[in-house]
Amino acid sequence: MTKNKNTEQKIFEAATELFIEKGVDRTSVRDIASKAGINLALMNYYFRSKENLFDAIFTNLVKENTRELLKILNSDLALEEKIIKYVDAYIDILNASPLLVSFFLAIIHRSREKITQMKVVSNLYGTEKFSQQMIEEGKKGNIRKTDPSHFFVDMISMITFPFAIRPLIMDRNEMSDEDFSAFIMQRKKHISDMLISTLKPCENAQ
């Protein structure tokens, strides 16, 4: 039997929705097959287990949504421009796929051992080139000496957290979906400005 890309995509979409809605552990293979409109035998033919499907979905989601981010981090852009472009691109990704943060958080807390085995996850946590650039700029005195790990966690947190608490923000501020998107777009400059300001050298630095 030859695998059909359309059927595979239906399974991916059905499983992703269910994983977000019910959680990975509470979603059965039968649930996925039913939502995808296929029989259980066909489901097992495409993915021999729910774990295989979970791995494939997670890896594809991360790869698809980090390609542009990695390109920015590994570019030869000046550090300040790189930060601005990274924040812009990441917010655009999450604004287009608002459930991505919830999906990732649900999965990453599910099995620390399994997540750390997936090399693709490291793509979410900066790159060696970006870290080295920060270190070199600090040595030159162009920026305040900053631990790249702390800076990257700060940057990721400021970008992703509003999406993680989206319902709370919308309720507290009586926002529609359109209002929230506009709010998030405004945060692009806000986040970039704050991050860049933390890197400015101290005026009394020796």
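Note that the numbering runs from 1 along the sequence shown for the chain.
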Problem set entry | Test item: Ile196 and Ile84 side chains (from C-beta on) under 4.5 Å apart, heavy atoms | yes
For this session: Identify the two heavy atoms, one from Ala56 and one from Phe12, that lie closest to each other, and give their separation to 0.1 Å.
Result: CB-CZ, 3.8 Å
Problem set entry | Pairing residues for Asn142 by the side-chain hydrogen bond (donor to acceptor under 3.5 Å, both in side chains) criterion, not counting sequence neighbours | Glu137
Problem set entry | salt bridge (Lys or Arg N to Asp or Glu O under 4.0 Å) pairs, two or more places apart, involving residues 71-87 | Asp76-Lys129
For this session: Flag yes if more than 12 heavy atoms outside Met185 fall under 6.0 Å of its CE atom; otherwise flag no.
Result: yes
Exercise. So if you build clusters from Ile, Leu, Val, Met, Phe, Trp, Tyr with side-chain heavy-atom gaps below 4.5 Å, do Ile159 and Leu79 land together?
Worked result: yes
Exercise. How many angstroms lie between CZ in Phe152 and CG in Asp147, if you round to the nearest 0.5 Å?
Worked result: 13.0 Å
For this session: Provide the closest heavy-atom pair for Ser181 versus Asn95 in the form atom of the first, atom of the second, distance.
Result: OG-OD1, 3.4 Å
Exercise. Looking only at heavy atoms, what is the nearest atom pair of Gly141 and Pro201, with distance?
Worked result: O-CG, 3.5 Å
Problem set entry | Pairwise salt bridge (Lys or Arg N to Asp or Glu O under 4.0 Å) hits with a residue in residues 152-163, at least two apart | none
Exercise. Got a sec, which residues hit side-chain contact (heavy atoms from CB on, under 4.5 Å) with Ile93, two or more places apart in sequence or on another chain?
Worked result: Asn65, Leu69, Leu100
Problem set entry | Residues which pass salt bridge (Lys or Arg N to Asp or Glu O under 4.0 Å) with Asp31, listed by chain and number, not counting sequence neighbours | Lys22
Problem set entry | Interatomic spacing from OG1 in Thr27 to CZ in Phe19 - rounded to 0.5 Å | 6.0 Å
Exercise. Given Val87 and Met158, is the side-chain contact (heavy atoms from CB on, under 4.5 Å) satisfied, shown in steps?
Worked result: CA-CA 9 Å; Val87 171; Met158 292 176 72; over 6 Å; no
For this session: Measure the spacing between NZ of Lys145 and CG of Leu199 and express it to the nearest 0.5 Å.
Result: 14.5 Å
For this session: Report the residues that fulfil ring-ring contact (aromatic ring centres under 6.0 Å, His included) with Phe151, sequence neighbours left out, ordered by chain and then residue number.
Result: none
Tell me which donor-acceptor pairs under 3.5 Å the side chains of residues 34-44 have, and how far apart each pair is, sequence neighbours excluded?
residue: Lys35; atom: NZ; partner: Glu17; partner atom: OE1; Å: 3.4
residue: Asn39; atom: OD1; partner: Ala41; partner atom: N; Å: 3.2
residue: Asn39; atom: OD1; partner: Leu42; partner atom: N; Å: 2.7
residue: Asn44; atom: ND2; partner: Leu40; partner atom: O; Å: 3.3

Exercise. How many angstroms lie between atom CG of Asp88 and atom CD1 of Ile72, to the nearest 0.5 angstrom?
Worked result: 8.0 Å
Exercise. Is the gap between the ring centers of Tyr86 and Phe130 under 6.0 Å?
Worked result: no
For this session: Would you check, one step at a time, whether the test side-chain contact (heavy atoms from CB on, under 4.5 Å) holds for Leu53 with Tyr46?
Result: CA-CA 9 Å; Leu53 177 56; Tyr46 277 84; over 6 Å; no
Seminar exercise, completed: For Ser192 and Ile83, the nearest pair of non-hydrogen atoms, with its separation, is OG-O, 4.3 Å
For this session: Sort and list the pairs that fulfil salt bridge (Lys or Arg N to Asp or Glu O under 4.0 Å) and have at least one residue in residues 185-197, not counting sequence neighbours.
Result: Asp92-Lys188, Lys189-Asp193
For this session: Name all pairs fulfilling the side-chain hydrogen bond (donor to acceptor under 3.5 Å, both in side chains) condition that reach into residues 169-178, sequence neighbours left out, sorted by first residue then second.
Result: Arg166-Asp177, Ser176-Glu178, Ser176-Asp179
Problem set entry | Listed partners of Thr160 passing side-chain contact (heavy atoms from CB on, under 4.5 Å), at least two apart | Tyr90, Leu94, Val101, Ile156
Exercise. For Ala14 and Ile32, which heavy atoms make the closest approach, and how far apart are they?
Worked result: CB-O, 3.9 Å
Problem set entry | Test side-chain contact (heavy atoms from CB on, under 4.5 Å) applied to Arg144 - qualifying residues, sequence neighbours left out | Thr146, Cys202
Exercise. Mind checking what makes side-chain hydrogen bond (donor to acceptor under 3.5 Å, both in side chains) contact with Glu68, not counting sequence neighbours?
Worked result: none
For this session: Looking only at non-hydrogen atoms, find the nearest pair between Phe163 and Ile91 and report the distance.
Result: CZ-O, 4.1 Å
